[in-house]
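To keep things clear, I will list the structure first and then write my remarks on it.
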Amino acid sequence: MTRVNDAVRHGLTELLPRLRRLARALTGHAADADDLVQVALERALAHGAQWRSDARLDAWVFGILRNAWRDEVRARGRWQQVLAPEEAGLGVGEASVERHAEALSLAAALAQLPDEQREAVALVLVEGLSYAEAAEVLDVPVGTVTSRLARGRAALQRLLGEE
Amino acid sequence: MDISQQDLQAYVDGELAPADAARVEAAIAADPALARQVERERALRARLRAEFDPVLDEPVPSRLQALLRDDAPAPQSSKADNLVAMPTRQPRPTWQLPVYALAASLLVVSVSLWLRPVFTPVRMEDGRLVASGPLNRALNGALASAPDSASPVAIGLTFRAQDGRICRTFEQRAMAGLACRTHDGWTIEVISHARDAAQGDVRQAASAIPPEVQAALDARLQGEPFDAAQERAARDHGWR
């Protein structure tokens with residue numbers, strides 16, 4: 001077992017808030033999101049030797065997180081409950097009642113998107129990645145990212161009743 | 001002029017080269033339907049950011065930080081077939097949190113950033129200083145025309161800079177600065193010690209601004225700062 005080096009460890013520590021934000025957008029549930037971050041970190045540490053220092057650490061670990069969500073964490077999570085308001089873990093903290101209602105409809109709308117559209121929306125619109133960076137995370141051509149993003153946007157506007 | 005949906009999306013996402021962006025802007029100016037579409041897209045993005053950005057300011061659970069500590073045991077290769085169950089989340093009494101935070105901070109060797117989003121108003125992101133925590137919330141939500149006396153941050157002037165970004169001056173305790181809105185947050189352009197005189201009446205921001213901040217403001221300002229209505233409209237449109 002190769003110990004990952006300190007640079008990777010510290011880089012991941014700095015990325016923790018962003019990983020949690022991305023996981024929240026993908027899962028729609030606070031507890032699922034932190035479970036997902038935990039699995040992604042374990043995988044990243046186990047495979048840290050595969051990270052090339054000329055690649056962006058954030059793109060690398062975002063890709064790990066996305067794959068972990070698709071093939072592992074969702075299956076045992078609370079994903080199916082995201083539409084049930086009392087179970088959704090969004091809008092905790094200072095959120096007002098009004099904001100809470102908005103959060104749920106946004107979470108519900110995101111939950112209805114196909115995986116690939118939700119991923120594009122989360123990476124570009126929530127995480128602020130460029131198209132090229134999102135394409136690297138998803139391991140697809142840039143044109144694929146833009147078409148998924150366009151479809152995801154249109155679907156969200158429709159679901160949120162803003163079109 | 002023919003603007004494709006793809007052009008429009010790339011424009012909204014800041015992916016176009018300046019010449020192409022100017023072409024799209026001209027088309028938007030000439031076509032109210034396009035302008036409405038751009039507004040809708042920006043509103044959607046602002047709504048998503050408003051929903052998920054607060055996660056950045058939440059304390060990171062100690063179980064996640066613990067995974068990355070220097071003395072943490074190397075994890076086993078996590079294959080799907082050897083995973084049994086997720087570790088249970090044990091709610092911790094809140095009095096323990098500072099103890100964990102202190103212990104962890106002593107273990108992290110480098111100047112890691114994990115506490116900063118909680119306790120300090122700025123953090124580094126891709127080599128830029130970005131507003132965080134209460135400062136970020138104030139820049140996103142506060143209006144100089146409707147000051148919130150409970151907020152540690154006072155907003156001064158809001159204006160559109162020559163490069164098209166919306167910028168705001170702010171004061172937080174002993175600091176004053178200028179932040180400009182980029183697609184993924186507020187970049188701190190300049191930050192300085194606030195003059196003592198600013199303590200008394202932070203609303204008179206224009207007169208209390210430190211010289212460095214005033215110079216940065218003068219270099220960027222075009223036209224007049226926003227009035228109350230323009231400030232509110234800019235906020236409602238996600239500072240685009």
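Proteins get letters first, then strands, A, B, ... in listed order; numbering begins at 1 in each.
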*How close do B:R40 and A:Q157 get, heavy atom to heavy atom, and via which atoms?*
O-NE2, 3.1 Å
*Tell me, side chain or backbone of A:L15 under 4.5 Å from chain B's heavy atoms, or both, or neither?*
neither
_Test item: A:R153 and B:Q5 side chains (from C-beta on) under 4.5 Å apart, heavy atoms_ = no
*Contact part of B:E41 toward chain A, heavy-atom cut-off under 4.5 Å: side chain, backbone, both or neither?*
both
*Taking all non-hydrogen atoms of both residues, which atom of A:D34 and which atom of B:P61 are closest, and how far apart?*
OD2-CG, 3.4 Å
*Report, as yes or no, whether the 6.0 Å neighbourhood of atom CD on B:Q162 holds more than 12 heavy atoms from other residues, nucleotides or ligands.*
yes
*Is the shortest heavy-atom distance from the side chain of A:L12 to the side chain of B:L67 under 4.5 Å?*
no
*asked:* Out of B:Q6, B:R49, B:E15, return the one with the most heavy atom pairs under 4.5 angstrom to chain A.
replied: B:E15
*Classify the side-chain pair B:R63/A:Q38 by whether it contains a donor and acceptor separated by less than 3.5 Å.*
yes
*Atom pair CZ/CG of B:F52 and A:L125 - distance to nearest 0.5 Å*: 11.0 Å
*Could you tell me whether the side chains of A:T146 and B:Q9 share a donor-acceptor contact shorter than 3.5 Å?*
no
*Evaluate the side-chain proximity of A:L22 to B:V55: yes if any heavy-atom separation is below 4.5 Å, no if none is.*
no
*For A:T13 and B:Q65, run side-chain contact (heavy atoms from CB on, under 4.5 Å): C-alpha distance rounded to whole Å, both residues' side-chain angles, the deciding distance at 0.1 Å, then the answer.*
CA-CA 7 Å; A:T13 304; B:Q65 291 170 355; 5.9 Å; no
*Measure the shortest side-chain to side-chain distance between B:E58 and A:R21 over non-hydrogen atoms and say whether it is less than 4.5 angstrom.*
no
_Are there over 12 heavy-atom neighbours, none belonging to B:D20, within less than 6.0 Å of that residue's CG?_
yes
*What's the shortest heavy-atom distance between A:R20 and B:P59, and which atoms?*
NH1-O, 3.6 Å
*Return the option, out of A:A33, A:S130, A:S147, A:A122, with the maximum number of heavy-atom pairs under 4.5 Å with chain B.*
A:S130
*asked:* Can you confirm whether B:L64 sits close enough to A:L19 that some side-chain heavy atom of one is under 4.5 Å from a side-chain heavy atom of the other?
replied: no
*For B:L44 and A:L160, what are the C-alpha separation, side-chain angles and deciding distance, and is it a side-chain contact (heavy atoms from CB on, under 4.5 Å)?*
CA-CA 9 Å; B:L44 175 64; A:L160 296 169; 3.8 Å; yes
*What closest approach, in Å, do A:P17 and B:L56 show between heavy atoms, and which atom pair accounts for it?*
O-CD2, 3.4 Å
